[in-house]
Amino acid sequence: MLKAITRAVSRSLADCELTCLPREPIDIDLAVAQHTAYEHALESLGLRVISLPEQPDMPDAVFVEDLLLVFDEIAIITRPGATSRRAECDTLAEAVAPFRSMQRISEPATLEGGDVMRIGRDVFVGVSSRTNTAGIDELAGIISAFEYNVHPVEVRGCLHLKSACCSLEDGRILVNRRWIDAAPLREYELIDVASDEPHAANVVRIGTTVLMPAAFPHTQEIVRRQGLGVCSVNISELMKAEAAITCSSVIFE
Ligand code: GLY
């Protein structure tokens, strides 16, 4: 059974890190309700959700994806480029300990899970404001032992690699090519997001269904035309914190 580690929204979410978006007021009660609905959507798609308690003084702690990578063979605790986020790691390490042996990314490397897109044995890693080349090299050094091939991808104009592209898990990638150098993805079929929805590429496919933000109906239609189902969730308040679908969970077998 697929599992998803999630963490409750921090009451301090409005103090989150922002890199490419302007700060807007966040309705915390609505953010909490939307996050609960997101967890229910994961459950409705067959996942077991392991929900961790809020970290009240860590505004971005709901975005668990950035701290933890889970491969079939090993879990990796990252070292976020955002220094404010480094204290988030320890409770995630505790949460994944029953399921995987673990390694940690170490100084001076930085790496955030939002920059890591795994497709089979290919692992694409964004070179971004949060992930440096030392982080990519350290990750490659750990997972090459398990025969993964790591490919750096230049990210420009958005926070993370997965702000710009996510795997549809069958050789197709949903992508906004304006935000990355797509050349390393050349072996895959690229499906462009709607031109008026640049943030729409951040999605998760589970079975035959793609979990997507309600804010992107045109890209939802593009995904349906690819023969996939769409599960739509309203995450407007989490999106104001520069997050989307992948950021709020770590999904693994
Ligand atoms: N607010 C999400 C992040 O910057 O990590």
Side-chain angles (χ1 to χ4, degrees), residues 4-32 34-35 38-39 52 54-70 76-93 95 104-105 107 109-117 125-132 135-136 139 153 155-166 176 179-180 198-204 211-213 215-216 233-251:
I5 296 179
T6 63
R7 172 140 56 200
V9 173
S10 306
R11 286 271 145 194
S12 55
L13 177 64
D15 297 325
C16 65
E17 295 281 343
L18 289 174
T19 303
C20 301
L21 291 185
R23 196 167 296 278
E24 290 183 68
I26 293 177
D27 179 333
I28 291 297
D29 290 335
L30 182 55
V32 169
Q34 290 178 345
H35 184 259
Y38 168 88
E39 291 178 322
L52 305 181
E54 176 192 0
Q55 291 281 350
D57 301 326
M58 300 181 193
D60 285 297
V62 61
F63 305 127
V64 288
E65 170 185 63
D66 294 321
L67 295 313
L68 173 63
L69 306 174
V70 183
I76 298 173
I77 302 297
T78 69
R79 183 169 182 271
T83 52
S84 69
R85 302 202 56 190
R86 290 185 187 154
E88 298 171 24
C89 293
D90 290 343
T91 49
L92 277 172
R104 285 179 184 259
I105 298 295
E107 192 175 355
T110 65
L111 179 73
E112 296 195 2
D115 278 316
V116 180
M117 177 175 70
V125 189
V127 184
S128 73
S129 61
R130 300 291 183 84
T131 294
N132 63 19
I136 297 173
L139 174 66
V153 182
V155 174
R156 49 193 179 226
C158 62
L159 176 56
H160 289 129
L161 176 65
K162 283 193 285 191
S163 314
C165 61
C166 281
N176 173 353
W179 285 349
I180 55 167
H199 294 271
N202 188 269
V203 303
V204 173
L211 186 60
M212 300 183 69
F216 305 127
V233 285
N234 186 346
I235 52 165
S236 61
E237 302 314 290
L238 300 175
M239 287 167 60
K240 291 177 188 172
E242 209 162 2
I245 293 293
T246 65
C247 322
S248 299
S249 58
V250 179
I251 295 174

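When a ligand or atom number is given, it counts from 1 through the structure's own listing order. Counting begins at 1 with the first residue of the sequence.
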Numbered atoms and elements of ligand 1 in range of Ala241, under 4.0 angstrom, heavy atoms = 1 (N), 2 (C)

Sidechain N-carboxylate O distance under 4.0 Å for Asp90, Arg104 = yes

Are Asp29 and Arg11 within salt-bridge range, i.e. N to O under 4.0 Å?
-> yes

Flag the pair Phe63 / Glu88 as yes when at least one side-chain heavy-atom distance between them is below 4.5 Å, and no otherwise.
-> no

Consider every N or O of Thr19 and every N or O of ligand 1, then say whether any pair is closer than 3.5 Å.
-> no

Under 4.0 Å from any heavy atom of Arg130, which atoms of ligand 1 are there?
-> 3 (C), 4 (O), 5 (O)

When only distance counts, is Asp60 in polar contact with ligand 1, meaning an N/O pair under 3.5 Å?
-> yes

Which ligand 1 atoms are under 4.0 Å away from a heavy-atom of Arg85?
-> 3 (C), 5 (O)

When rounded to the nearest 0.5 angstrom, what is the spacing between CG in Leu67 and CD1 in Ile105?
-> 12.5 Å

For salt bridge (charged side-chain N to carboxylate O under 4.0 Å, His left out), just list the numbers for Arg130 and Asp115, CA-CA rounded to whole Å, side-chain angles, deciding distance to a tenth of an Å, and then say yes or no.
-> CA-CA 8 Å; Arg130 300 291 183 84; Asp115 278 316; over 6 Å; no

